[in-house]
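Everything numeric here is computed off the predicted structure, so don't read it as measured data.
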Amino acid sequence: MIDAHHHLWQLGAGYDWLDAPELAPIRRTFTPADLQAALAGTGVTQTVLVEGGRCDPGEAALLLSYDIPEIAGVVAWDDPAASFLPAYRDLPGADRLVGLRAQVQAEDVDYLGRDDVREGLRSYGRAGLVFDLVIRQDQLAAAAACARACPDVRFVLDHLGKPKDFKSWKSDISRLSKNVAAKLSGLFTEVEDVQPYVETALELFGPERLMWGSDWPVSTLAVPYAEALSRIRELVDDPRVFASTAREVYGLPAVQSPRRDPWH
């Protein structure tokens with residue numbers, strides 16, 4: 001199985017968002033060894049490591065340097081309007097760079113409509129990299145418009161757009177085009193009942209554009225790692241959500257057999 005979304009960070013190295021009082025349980029350094037301990041006994045053998053809100057190019061160098069077999073790919077931070085991607089290509093471990101992410105959730109609703117941002121996103125598509133969308137529910141409509149305007153970019157929606165209201169969320173997320181995949185990640189810290197969101201995501205994206213991600217260690221604020229995985233597996237019985245979709249979308253190594261393109 002593949003965990004398509006987790007984090008590692010060093011306390012005191014620019015992760016100011018951890019200062020929030022409610023985040024005290026995870027206000028410490030998380031290392032590759034901590035990740036391996038969390039994965040033990042779960043059946044998860046590969047992961048995608050995602051930037052953790054530090055928002056500087058130094059973090060990319062750190063994440064790419066983590067050379068353990070479990071980390072099959074890295075989604076690093078970048079600014080689409082002023083990209084550091086050329087420098088990232090020269091970093092040790094750059095072969096593990098599979099995608100980029102900006103903290104769009106901290107921007108206004110017009111951010112994804114900016115010409116300079118969209119041109120940066122198109123450059124990611126030309127480079128063969130995915131762009132992870134970490135957005136608020138009220139930014140889903142803008143994300144849908146952006147994805148339609150950038151059809152050659154492969155987008156991945158993190159945390160199902162951080163839903164707040166099921167009815168309006170369902171309407172907004174249904175607008176996303178076929179070049180957008182989605183992660184069943186971060187749900188336990190966003191909503192009390194994850195079932196309707198998981199079922200809707202399966203209906204809208206299908207198992208070939210849907211993948212599971214833990215959002216560990218943030219997810220441990222709500223549930224332990226193994227429990228988060230178990231509860232999603234109770235709702236989803238298609239193995240593609242737990243392995244091949246992430247492998248195909250991010251181009252992770254060790255493909256066992258070819259599958260059809262999920263983007264068409």
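The pair R96-D67 counts as a salt bridge, with a side-chain nitrogen and a carboxylate oxygen less than 4.0 angstrom apart. A salt bridge links E119 with R126: at least one charged nitrogen is closer than 4.0 Å to a carboxylate oxygen.
Side chain to side chain, S214 and H6 fail the donor-acceptor criterion of an N or O pair below 3.5 Å. For Q139 and E107, the side-chain atoms include no donor-acceptor pair closer than 3.5 Å. For the residue pair Y250 and D132, a side-chain donor N or O sits within less than 3.5 Å of a side-chain acceptor on the partner. In summary, the side chains of E59 and Y15 do present a donor paired with an acceptor at a separation below 3.5 Å, with no hydrogens or angles considered. Side chains of R54 and Q10: no donor on one and acceptor on the other come within 3.5 Å. Between the side chains of S185 and D215, not a single donor N or O lies within less than 3.5 Å of an accepting N or O. In the model, T45 has no side-chain atom that pairs as donor or acceptor with a side-chain atom of E70 under 3.5 Å.
Closest non-hydrogen pair, C55 versus Q103, comes out as SG-CG, 3.5 Å. Shown here for A143 and I135, the closest heavy-atom pair between the two residues is CB-CD1, 3.7 Å. The shortest non-hydrogen separation linking A72 to Q46 is CB-NE2, 3.6 Å. Residues K183 and V50 come closest through the heavy atom pair NZ-CG2, 4.0 Å. What you find for L64 and L97 is that their closest heavy atoms are CD2-N, 3.9 Å.
Hydrophobic cluster membership is shared by L235 and I173, with clusters built from Ile, Leu, Val, Met, Phe, Trp and Tyr side chains linked at under 4.5 angstrom.
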Can you list the steps and then say if E248 with R240 is a salt bridge (charged side-chain N to carboxylate O under 4.0 Å, His left out)?
CA-CA 10 Å; E248 292 171 6; R240 288 171 289 184; over 6 Å; no
Going through the checks in order, is the salt bridge (charged side-chain N to carboxylate O under 4.0 Å, His left out) test met by D158 and R101?
CA-CA 10 Å; D158 294 347; R101 188 173 87 156; 3.0 Å; yes
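Contact of the L35 side chain with the I68 side chain is registered, since non-hydrogen atoms from C-beta on lie closer than 4.5 Å. Residues F188 and E227 have side chains not in contact (no heavy-atom distance under 4.5 Å, counting atoms from C-beta outward). The closest side-chain heavy-atom distance from V130 to Y124 is not below 4.5 Å. Counting heavy atoms from C-beta outward, T47 and I2 have side chains that stay 4.5 Å or more apart.
Ring-plane geometry between W169 and F166 is classed as tilted, the angle between the planes lying from 30 to 60 degrees on a 0 to 90 degree scale.
One N or O on the side chain of R122 and one on the backbone of A149 form a donor-acceptor pair closer than 3.5 Å. No donor-acceptor pair under 3.5 Å is formed between the side chain of R136 and the backbone N or O of G161. Within the 3.5 Å criterion, the main-chain N or O of P80 finds no donor-acceptor partner in the side chain of S83. Panel note: side chain T29, backbone L11; a donor-acceptor pair is recorded below 3.5 Å.
Partner of W77 under the ring-ring contact (aromatic ring centres under 6.0 Å, His included) criterion, chosen from Y88, F84, F131: F84.
Atom CG of D115 is surrounded by 12 or fewer heavy atoms from other residues, nucleotides or ligands within 6.0 Å. For D237, the CG atom sits in a loose shell: 12 or fewer heavy atoms of surrounding residues, nucleotides or ligands are nearer than 6.0 Å.
Geometrically, R28 engages F30 in a cation-pi contact, judged by NZ or CZ lying under 6.0 Å from the ring centre and within 45° of the ring axis.
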